[in-house]
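Scroll down for the structure; my scribbles are underneath it.
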Amino acid sequence: DKYFGYLIIPFTSEGKLVYFNARKFMGDGPRYNNPSTDVTGIGKSMIWYNRDALYMYKTVYICEGAINASTVGIRAIASGGKYVSRYQINDLIKSPVERVIILLDPDAKCKALDLALTLVDFKKVKVIYLPDGKDCNDLGLRKTMRLVYNTRYQDRRTLMKMKLELWELR
């Protein structure tokens, strides 16, 4: 009853179901109806959607939601929102991934830059600014990848400059 009208999106780690998102696709109720920590033993801040990609690929793409990550493909992971937890950051830093491409929604540019600044000493990073009002699903894979390929990897100095430019726009 609690999940009627919701699409269940499984989160696996090492081939085992560890969490799930419940995303409304019909009827009434909140947009997301995720399980509580006492049901799963972990919260969404302690897991990545498609976490196994961290151990399979040298480059990963970070999206906010599982559906965006599915659009981007098998090397995409999702944080479960624009806020990436310390647990998720540590998991990413400890992984053998070498390059991280950040594809957060346009309303999370500051969060994307904060994440990149946290990771830049450990991984090569690229922050992709998606067009206002558009996410990876809206753009589709082809247009998203065009933005990725047309953006260079950024160092700490470049990321700081990007952050200052954002502050000046406010």
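Hydrogens, waters and symmetry mates are skipped; everything else that's a heavy atom, side chains included, is used. Everything quoted here is computed from the prediction, not taken from an experiment.
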Throw together a table of side-chain donor-acceptor distances under 3.5 angstrom for residues 125-133, partners on residues two or more places apart or in other chains.
from, atom 1, to, atom 2, distance (Å)
Lys126, NZ, Val148, O, 2.9
Lys126, NZ, Thr151, O, 2.8

If you apply the rule ring pair (Phe, Tyr, Trp, His ring centres under 6.0 Å), what do you find for Phe20 with Tyr3, and how did you get there?
CA-CA 11 Å; Phe20 66 89; Tyr3 299 107; 5.4 Å; yes
With Thr118, which residues qualify under side-chain hydrogen bond (donor to acceptor under 3.5 Å, both in side chains), at least two apart?
none
Show every ring-ring contact (aromatic ring centres under 6.0 Å, His included) that has at least one partner inside residues 23-63, sequence neighbours left out.
Phe11-Tyr49
Partners passing side-chain hydrogen bond (donor to acceptor under 3.5 Å, both in side chains) against Asn137 (at least two apart in sequence or in another chain)
Asn68, Thr71
Would you confirm whether Asn50, through its side chain, and Ala78, through its main-chain N or O, come within 3.5 Å as a donor-acceptor pair?
no
Results of salt bridge (Lys or Arg N to Asp or Glu O under 4.0 Å) for Asp28 - residues two or more places apart only:
none
Can you sort out the partners of Gln154 under side-chain hydrogen bond (donor to acceptor under 3.5 Å, both in side chains), two or more places apart, ordered by chain and number?
none
Would you indicate whether the side-chain heavy atoms of Thr59 and Val97 approach each other to under 4.5 Å?
no
Evaluate side chain to side chain contact (heavy atoms under 4.5 Å, CB included) for Glu64 paired with Asp135, printing each intermediate quantity in order.
CA-CA 9 Å; Glu64 287 185 33; Asp135 63 17; over 6 Å; no
Can you list everything that forms a ring-ring contact (aromatic ring centres under 6.0 Å, His included) with Tyr153? Sequence neighbours excluded, please.
none
Using every non-hydrogen atom in the two residues, find where Tyr87 and Met46 come nearest and quote the distance to one decimal.
CE2-O, 3.0 Å
Do Ile62 and Leu103 have side-chain heavy atoms sitting under 4.5 Å apart?
no
List for me each residue that meets side chain to side chain contact (heavy atoms under 4.5 Å, CB included) alongside Ser45, sequence neighbours excluded, and say none if there are none.
Ser85
Where is the tightest heavy-atom contact between Asp52 and Gly15, given as atom of each residue plus distance?
OD2-N, 3.5 Å
Contacts of Arg99 that satisfy salt bridge (Lys or Arg N to Asp or Glu O under 4.0 Å) - sequence neighbours left out
none
NZ of Lys58: more than 12 outside heavy atoms within 6.0 angstrom?
no
Report yes or no: do Ile101 and Leu159 belong to one cluster of Ile/Leu/Val/Met/Phe/Trp/Tyr joined by side chain heavy-atom distances under 4.5 Å?
no
Please enumerate all residues that pass salt bridge (Lys or Arg N to Asp or Glu O under 4.0 Å) together with Asp121, with sequence neighbours excluded.
Arg156
When you look at Ile67 and Ser70, which way does the side chain to side chain contact (heavy atoms under 4.5 Å, CB included) test go after all the steps?
CA-CA 5 Å; Ile67 296 172; Ser70 294; 5.5 Å; no
Applying the side chain to side chain contact (heavy atoms under 4.5 Å, CB included) criterion to Ile89, which one of Ile93, Asp91, Leu92 satisfies it?
Ile93
Would you check if Leu141 and Met145 make a side-chain contact, meaning some heavy-atom pair closer than 4.5 Å?
yes
For Lys82, enumerate each residue passing the salt bridge (Lys or Arg N to Asp or Glu O under 4.0 Å) test, keeping only those at least two apart in sequence or located in another chain.
Asp107
Go through the structure and list residues passing side-chain hydrogen bond (donor to acceptor under 3.5 Å, both in side chains) with Asn21, not counting sequence neighbours.
Asn34
Atom of Ile47, atom of Ser13 and distance for their closest heavy-atom approach:
CD1-CB, 4.4 Å
Does Asp155 reach the main-chain N or O of Thr158 with its side chain, forming a donor-acceptor pair under 3.5 Å?
yes
Where the side chain of Lys44 meets the backbone of Gly80, is there a donor-acceptor pair that is under 3.5 Å apart?
yes
State, yes or no, whether a side-chain contact exists between Tyr6 and Met26 at a heavy-atom distance under 4.5 Å.
no
Between Ser95 and Lys123, does a side chain to side chain contact (heavy atoms under 4.5 Å, CB included) hold up when you go through it step by step?
CA-CA 10 Å; Ser95 78; Lys123 314 284 182 184; 4.0 Å; yes
Give me the atom names and distance for the closest heavy-atom approach of Cys110 to Trp167.
SG-NE1, 4.1 Å
Considering all heavy atoms of both residues, which atom of Val18 and which atom of Ile42 are nearest to each other, and what is their separation?
O-CD1, 3.5 Å
So, do Asn33 and Lys2 sit near enough that their side-chain heavy atoms are less than 4.5 Å apart?
yes
Closest approach of Val120 to Leu117 (non-hydrogen atoms, all atoms of both residues):
CG1-O, 3.6 Å
